[in-house]
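Data block below; observations after.
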Protein chains: 2
Amino acid sequence: MSTIRDVSKLAGVSVATISRFLNQSGYVSKEAEETILAAIQKLNYKPNNIARSLAGKKTSTIALLVPDILNPFFPEIARAAEDAASRLGYTLILCNTDHNPDKERNYIDVLINKRIDGIIISSYTIRPEQIYALEAENIPVVVIDNAWHDTSIVSISTDNRAGGQMAAQHLLECGCRKIGHICGPYHIAAAKDRMLGYEDACSQQEWFTPSLMVYGDFSVSGGYHAMRELYDKHPDVDGVFAGNDLMAAGAMKALHELGVRIPDQMKVIGYDGIQMDMFSPALSTIAQPIYSIGELAMTYLDQMIKEKPLEKKSYPIDVQLIVNASSRLP
Amino acid sequence: MSTIRDVSKLAGVSVATISRFLNQSGYVSKEAEETILAAIQKLNYKPNNIARSLAGKKTSTIALLVPDILNPFFPEIARAAEDAASRLGYTLILCNTDHNPDKERNYIDVLINKRIDGIIISSYTIRPEQIYALEAENIPVVVIDNAWHDTSIVSISTDNRAGGQMAAQHLLECGCRKIGHICGPYHIAAAKDRMLGYEDACSQQEWFTPSLMVYGDFSVSGGYHAMRELYDKHPDVDGVFAGNDLMAAGAMKALHELGVRIPDQMKVIGYDGIQMDMFSPALSTIAQPIYSIGELAMTYLDQMIKEKPLEKKSYPIDVQLIVNASSRLP
DNA sequence: TATCAATGTGTAACCGTTTACACACATAGT
DNA sequence: ACTATGTGTGTAAACGGTTACACATTGATA
């Protein structure tokens, strides 16, 4: 493995000139360029990015911290972030935290030691102090899917309450006369906000009762069991809003087993807009622009890394009602 | 950001002693340990891994090259590889190549420049020469889901032909009297082998005709259209083996639309064993131990990095028939 | 002709670690 | 008393780049 000094020797110019040539910085004559190029090719020289990073203080590496890449929401984020990262000349480190604060802390330490240029975090469990620890080391952070208002932390997030309201409102407009809600984990702000949105839309209806809100854990099986529980308590529900698409899928599975036809007897709507093109009937949902979120996160992060000022700290993103067969009017 | 020299100064010992302490190498007295620890804490010192890598020739970073993390097969691989990597003290870089040779080449160059310790590759398009390029730079490679026999390349793979045969055989045993096959892209060895397995099982049947094999592109919509085409040509098929689970899902969607009941009128089996717990009826499949594949890849890679000899070059993994509702006997 | 800017190049310090080597001292074995 | 071995520490040279600074040459301008 040859070094810049080997190239320097072979080409008969100083290492500084080679470096200038490689980085297109400063002046290099035509002749020098040619001899350098020839030497590089002859030696199959590849600049060592480790050394570059040490001297230049930039690793061209960013990290993406997610709870679990197996949750279909995150591959889409990862894909978007990676596409943007690659376009901007960064490489993407993937970290799964499983909502585990120890793992989070541990990863953050490792990433600080690696002197990554920036980090995108999606986490329900992380505490602002940990973000400040990163900022103390001059590592820019963008948080997605979880906003702390009134902090200096840059975040990209959607209005879950408005989205929840939109979902419930849609079912009302479809003519549903009793709408249940499968709620995500209470300690997750997004889940709670979506539930509040549901309440905004439904709590004044004469049929409303709190037992229409059942608990799921954002997973398919959570949605499945929640749906059975809901149907047990209220066999007359004719619409259900699940706090995310995975639970909606679980609910539809339960309904299928119960012989309840969708959308004739029951309309279903989810939340997130993850890719579920294999589904039949296709699921209505409140779609977040997942790809855009990942892409924007990377874009803002890049600006922070380049020390360009950002306009705002908090970037709200709009959600969109997608009507599909699962809630289509007869 | 303090350095080892700052710690050295504050603790009143040489940098060598600090380094020995940090790496638990060589002798360090109890007293030295204590003063060092105190100094580290006081300065909030974090060892710079870039410098470490430069001096030590190890980056503790490995890369995972996949076609597309959005394909549900790969998050499972990524999760497994990342779990194992993290356990072994590595960090995982994620790269999407989209089956695009240019992107592959580009990533490989970048990764060489970053002096990653090793790389796991899943690609249908990559050429052995590119792997040799990595090996020339002393970067160990493990290839998954694609074996080149008679080469020095370490690979983990399954016997797709046997798996395809198993799938078709299963449908025969279920009493199917005319079985179609939705085949993946011809240029992908795995797809072709699965098709050959199907032929092994079915080509001697009196009902067999080549037009029972239709083409899909390993995607949901590919499977959907292939199923419609197949049903068009042969409305009397009562069993279909799709070359992967995504196409099986697309096929089931098409069948649902066509009003064909599964499994009564048509039995369906897929291939891969990706997570599809939201599906109803649940899909039968030839399951690859996806998690194990990712985990083993990382394990073997670690051994290669540590220069421990590997027993073999080619690690064959067994697949398993999973019978679910989509092919259950009446 | 003197002055200046633009072009082109080289020397050497620096980035923050690891580690080979030298050295000092204690303890134990002969 | 002499060696060998184990323990503990420090100096300084790597690792492979970047870049500040000094210096030389050229051509244009006053």
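When reading the values below, keep in mind they use all heavy atoms of this one structure, side chains included, and skip hydrogens, waters and symmetry mates. By convention in this document, chain letters (A, B, ...) are assigned in the order of the sequence lines, proteins followed by strands, and residues within each chain are numbered from 1. Since the structure is predicted, the reported quantities are computational estimates derived from the model, not experimental observations.
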* Report yes if at least one side-chain N or O of A:Lys57 is closer than 4.0 Å to OP1 or OP2 of C:dG16; otherwise report no. => yes

* With sugar-phosphate meaning primed atoms plus P, OP1 and OP2, does A:Asn49 contact a base, only sugar-phosphate, or nothing at under 4.0 Å between heavy atoms? -> nothing

* Report the end-to-end axis angle of the helix from C:dT1-D:dA30 to C:dT30-D:dA1; each axis comes from five terminal pairs, and the value is rounded to 10°. => 50°

* Base, sugar-phosphate alone, or nothing: which one does A:Thr3 contact when heavy atoms must sit under 4.0 Å apart? -> sugar-phosphate

* Residues in side-chain hydrogen bond (donor to acceptor under 3.5 Å, both in side chains) with B:Asn23, at least two apart? -> B:Ser19, B:Arg52

* Asked: In whole Å, what is the span from the CG atom of A:Leu43 to the C1' atom of D:dG16?
  -> 15 Å

* If you look at every strand shown and take non-hydrogen atoms under 4.0 Å, does A:Phe21 touch a base, only sugar-phosphate, or nothing? -> nothing

Report all interatomic pairs (protein N or O, nucleotide N or O of nucleotides 4-6 of chain D) with separations under 3.5 Å.
none

* Asked: When you look at B:Ile50 and A:Thr59, which way does the side chain to side chain contact (heavy atoms under 4.5 Å, CB included) test go after all the steps?
  -> CA-CA 8 Å; B:Ile50 303 295; A:Thr59 52; 3.4 Å; yes

* Asked: Which part of the nucleic acid, if any, lies within contact of B:Lys30, taking any heavy atom under 4.0 Å across all strands shown: a base, the sugar-phosphate backbone alone, or nothing?
  -> nothing

* When the distance from CD of A:Gln24 to P of D:dT19 is rounded to whole Å, what number comes out? -> 14 Å

* Asked: Reckon A:Asn48 has a side-chain N or O less than 4.0 Å from the OP1 or OP2 of D:dC15?
  -> no

* Asked: When all nucleic acid strands are considered with a 4.0 Å heavy-atom cut-off, which category describes B:Ser29: base, sugar-phosphate, or nothing?
  -> sugar-phosphate

* Asked: What is the distance from CG of A:Asn23 to P of D:dA20, rounded to the nearest Å?
  -> 12 Å

* Asked: Once you round it to whole Å, what is the distance between C1' of C:dG16 and NZ of B:Lys46?
  -> 17 Å

* Write down the distance between CD1 (B:Ile4) and C1' (C:dT19), rounded to a whole number of angstrom. => 11 Å

* To do: Taking the six-membered ring for Trp and the single ring otherwise, decide whether the centroids of B:Tyr124 and B:His99 are under 6.0 Å apart.
  => yes

* Asked: Rounded to the Å, how far apart are A:Lys114 NZ and C:dT17 C1'?
  -> 15 Å

* Asked: Have A:Ser123 and A:Thr125 got a donor and an acceptor in their side chains that come within less than 3.5 Å?
  -> yes

Review item, nucleotides 10-12 of chain D N/O atoms under 3.5 Å of protein N/O:
residue	atom	partner	partner atom	Å
D:dG10	OP2	B:Ser14	N	2.6
D:dG10	OP2	B:Ser14	OG	3.1
D:dG10	OP2	B:Thr17	OG1	3.1
D:dG10	N7	B:Arg20	NH2	3.1
D:dG10	O6	B:Arg20	NH1	3.2

* To the nearest 0.5 angstrom, please state how far the CE atom of A:Met304 sits from the CD1 atom of A:Ile119. => 11.5 Å

* Structure fact -> Rounded to whole Å, the CG-C1' distance (B:Leu22 to C:dT19) equals 14 Å

* How close or far is atom C1' of C:dT9 from atom CD of A:Glu33, stated in whole angstroms? -> 14 Å

* Side chain of A:Leu54 (C-beta onward), nearest among C:dT9, D:dG16, D:dC15 -> D:dG16

* **A:Ile50 vs B:Val28, nearer the 5' end of DNA chain D by closest nucleotide** => B:Val28

Run the side-chain donor-acceptor check on residues 10-18 of chain A: report pairs under 3.5 Å with partners two or more places apart or on a different chain.
residue	atom	partner	partner atom	Å
A:Ser14	OG	A:Ala16	N	3.4
A:Ser14	OG	A:Thr17	N	3.4
A:Ser14	OG	A:Thr17	OG1	3.3
A:Thr17	OG1	A:Arg20	NH2	3.4

Would you list the atom pairs, donor with acceptor, under 3.5 Å between side chains in residues 64-76 of chain A and any protein atom, with sequence neighbours excluded?
residue	atom	partner	partner atom	Å
A:Asp68	OD1	A:Leu70	N	3.0
A:Asp68	OD1	B:Arg79	NH1	3.0
A:Asn71	OD1	A:Phe73	N	3.0

* Structure fact -> Which of A:Val142, A:Val143, A:Thr299 passes side chain to side chain contact (heavy atoms under 4.5 Å, CB included) with A:Ile156? It is A:Val142

* To do: Decide, yes or no, whether a salt bridge links A:Arg127 with A:Glu104 under the criterion of side-chain N to carboxylate O below 4.0 Å.
  => no

* **CD/B:Glu311: more than 12 non-hydrogen atoms of other groups inside 6.0 Å** => no

* Between the main-chain N or O of A:Glu31 and the side-chain N or O of A:Thr35, is there a donor-acceptor pair closer than 3.5 Å? -> yes

* To do: For B:Lys9, look at atom NZ and say whether over 12 heavy atoms of other residues, nucleotides or ligands are found less than 6.0 Å away.
  => no

